Amino acid sequence: MAIRLVALLLVCLALSASAQTDPVELLLAQMTLEEKAGQLTQLGTVDTVTGPVIDQGSLTHPPMQTVGSVLGIYGAERTRQLQQSVVEGSRLHIPLLFAFDVIHGFRTLFPVPLAEAAAWDPDLSQRTAHAAAMEASASGLHWTFAPMLDITRDPRWGRVVEGAGEDPFLGSALAVARVRGTHGDGPPNTSFMLSTAKHFVAYGAAEGGRDYNSADLSQRTLQEVYLPPFQAAVEAGADAVMPGFEELAGVPMHSNAPLLKGLLRGQWRFTGIIVSDWMGVHELIPHGVAASPADATRKALNAGVEIDMVSQSYSRNLPDLVRNGQVSLTTVDEAVRHILRAKQRLGLFENPYRYSDPARERAQTLTPQTRALAREAAQKSIVLLKNSGALLPLPKDLHTLLVVGSLATDAQATLGAWALAGNANDSVTILEGIQRTVSPATQVTYIPGASPTSLDTQGIAAAQQAAQKADVVVAVLGETADMSGEAASRADLGLPGAQDALVQTLLETGKPVVIILMNGRPLSLSNSAQQATAILESWFLGSEMGQGVADVLFGDVNPSGKLPITFARSVGQVPIYYGYRNSGRPATGQNPYESTYLDLPSTPAYAFGFGLSYTTFAYSAPQLSTERLASTQSLNVRVTVTNTGQRAGDEIVQLYLRDDVASVARPVRRLRGFRKVHLAPGEARIVEFTLGPEDFALLDDDLLPVVEAGTFTLFVGGSSTTDNQATFEVTDSRRLHALGPAIPRQLRR
Ligand code: NOJ
């Protein structure tokens, strides 16, 4: 007993000694309530407004010197000056954090996240996130609001462009990659940036695909589909989490204590920062759960939202709320600790200016290395959707090539949404990429013909005439950059403007037509547009878009991307996704009383995981290490993949699992593994996967994790529709204490 007491005393002494020397605790002990509220306030700048602000004048409350972080200010010189005014002008000299939306690059733009997800390449995503962090941190920034981890099954939702698509497994893999990339080699390196997992959670389930709208889904879907990428990011060390704007089953995420405190802080032991979204605290008022800014402050902070982005509700209301006992000092102190710890981790207490180095900024912005990486990422993100008669790749020495579509020269569109520090002048357009790549003798004609932003069809006749004389027509069609992203939902998924009319006219000429799609969401092409000879899904690929597209179009690179999201035939099919449940009456086409439409097939236009290549791949049947295993064991799966065509190529080998009979209805397939292999013509390679209890697990009817005895079917192939399968049996049932870990096995360290 006495020994225990002495030990306890020693621990207490050690703790209090460390509190006396710990700069965070020392600061905290000196701070006034107003200074604490300041640390929990993030100001936005007028030039980065991404939503309403209360009024312009309010941007100066509280005085900048006492604020904890700012959003939207960058540049080594600019950040240094502001840092200096804060450090020197404030009582406690606490440095500022500079935050920014570095979503898919900074000055060098990489493919938009949905596009890059099509590369199914965590290593690539880690490298682009790291390059983005290098560039952004060289510009004085400490903190990015990325990665965006919202799963969505609704392409109408404009923010589909910012995430990794519809699948929690792929989404989790890329979440981990992006957090790791943002961290780089970690502190004290000044390329280390704080990451933010956003928007917690189910923001992508907005009803009707309308941004900011309500979401309402089952606990099962929340846990199995929407939460895993966040859990994976937290396991990978994400530094901050941002709640979504939406209200989830009636509880706004900015006041959602069960998820923020119960799950995130409690079960997942998240110790980083919880930062509101833009005005998210104030928006508790229109949500109808707070009566005033003070009430919104009380609700948000008590629910776990620690930093108030832009609304200044905390700075105005928090001190009084603490004084009258509506928010506890302990809650405030813990929140302040989190932001001060982040500053400590970044080394800002030793040197507040360490990220603001103009020489580094000059050396590390838009370098040949970042451009080369942007080109590689662009090449790998392209998905070949159709290639009739092996029209592609085009020969470089075509006699005449007609390029149509206003997007072919739209440099801004190459950057996509969230390119706030990007400069369209840095970008290679598709027309430029083609011109650089074809032979000097090839005559490239460009006629816009039609644009996504206008219904004007007058330009189509000229395009038609030119098409008559061309060997091949390349039609660059899709959306402008601002047709996806925040507040950019669309009710129609077709080609906007007069583009469909243009492509119809071109097809009538009988000339081969290649459609190059530029878009931030899965589009639903009209039946006529789908008659094009070849279709390349090229999304928004960033600074090197035109070059990356030309590399694939003319065969210097063999396309290898696979869709990270299902492409519906029509908006009427939405939501449509590969991991659906079978229903009691699945569509077999043999009976009218099935789960189908009268006017459309129930299958998608292009399935999740689908993408063609200029070569072909054959798969052996999956070989299993055993056909019967206990619930504690793991299963080894091997498949031989052979390049059966004439060109070298990359294949993304995908493994899906189906629990044949369970206590609850299970998805028909769930992705549980993927690998990219490079194969020379004729080359064969064995690809291996390991599956374990977390792959077999499900939530039972009490939502408790369990592995259930019974048979499973696994599928291995080049798309979610593969029927290359094998079955095995788990011989006993077993309760698990969790579904996770959420980091996919292939990325665990
Ligand atoms: C609103 C967006 O929802 C969020 O993703 C972003 O990080 C903030 N604005 C800051 O720009």
Side-chain angles (χ1 to χ4, degrees), residues 41-54 59 67-74 97-106 112-114 129 132-133 136 141-152 157-164 175 178-179 182 193-206 209-213 215 229-230 233 238-248 252-254 272-284 286-287 300 305-312 416-422 482 484-489 520:
T41 295
Q42 180 168 102
L43 291 186
T45 57
V46 186
D47 47 329
T48 58
V49 166
T50 69
V53 285
I54 304 173
L59 284 172
V67 157
S69 54
V70 289
L71 150 66
I73 290 178
Y74 62 92
L97 281 185
F98 291 100
F100 199 74
D101 289 283
V102 186
I103 307 297
H104 57 106
F106 185 64
V112 291
L114 184 65
L141 292 165
H142 308 120
W143 182 6
T144 173
F145 300 126
M148 192 275 209
L149 305 178
D150 294 308
I151 297 296
T152 190
W157 191 53
R159 304 199 76 169
V160 61
V161 67
E162 297 173 50
R178 291 186 170 133
V179 169
T182 304
M193 281 184 88
L194 303 173
S195 58
T196 309
K198 72 183 190 185
H199 308 85
F200 189 72
V201 56
Y203 179 40
R210 230 169 56 229
D211 208 359
Y212 316 118
N213 205 10
F230 287 94
D239 309 274
V241 170
M242 182 191 291
F245 279 126
E246 91 285 11
E247 136 274 302
L248 178 57
M253 284 310 305
H254 282 74
I273 297 167
I274 301 184
V275 57
S276 90
D277 201 344
W278 184 278
M279 291 290 288
V281 172
H282 185 82
E283 287 172 15
L284 292 178
H287 271 302
V305 178
E306 299 179 325
I307 294 189
D308 172 14
M309 184 193 286
V310 172
S311 92
Q312 297 159 46
W418 292 108
L420 299 165
D482 56 4
S484 59
E486 188 179 344
S489 293

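Any value given below was found using the heavy atoms of this structure, including those in side chains, with hydrogens, waters and symmetry copies removed. Nothing here was measured: the structure is a model prediction, and the numbers come from that model. Ligands are counted one by one from 1 in listed order, and the atoms in each one are counted from 1 as well.
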Under 3.5 Å, is there a donor on one side chain and an acceptor on the other for D308 and T41? no
Could you tell me whether the side chains of Y212 and E283 share a donor-acceptor contact shorter than 3.5 Å? no
Residue [X] vicinity, atoms of ligand 1 by number, heavy atom under 4.0 Å:
X: D277; answer: 1 (C), 2 (C), 3 (O), 4 (C), 6 (C), 8 (C), 9 (N)
X: F145; answer: 7 (O)
X: K198; answer: 4 (C), 5 (O), 6 (C), 7 (O)
X: R159; answer: 2 (C), 3 (O), 4 (C), 5 (O)

Y203 ring center near W157 ring center (under 6.0 Å): yes
So, using salt bridge (charged side-chain N to carboxylate O under 4.0 Å, His left out) as the criterion, who are the partners of D150 when residues are at least two apart? none
Could you go through V67 and Q42, starting from their C-alpha distance and side-chain angles, then the distance that decides it, and tell me whether this counts as side chain to side chain contact (heavy atoms under 4.5 Å, CB included)? CA-CA 7 Å; V67 157; Q42 180 168 102; 5.9 Å; no
Residue portion contacting ligand 1 (non-hydrogen atoms closer than 4.0 Å) for M148: neither
Going by the closest heavy atom to atom 11 (O) of ligand 1, which one wins out of D101, T144, T196, D211? D101
Would M242 count as a contact residue for ligand 1, given that I'm defining contact as a non-hydrogen atom of the residue lying under 4.0 Å from a ligand atom? yes
Is it true that the NZ or CZ of K198 lies under 6.0 Å from the centre of W143's six-membered ring and within 45 degrees of the ring axis? no
Nitrogen or oxygen of H199 less than 3.5 angstrom from that of ligand 1: yes
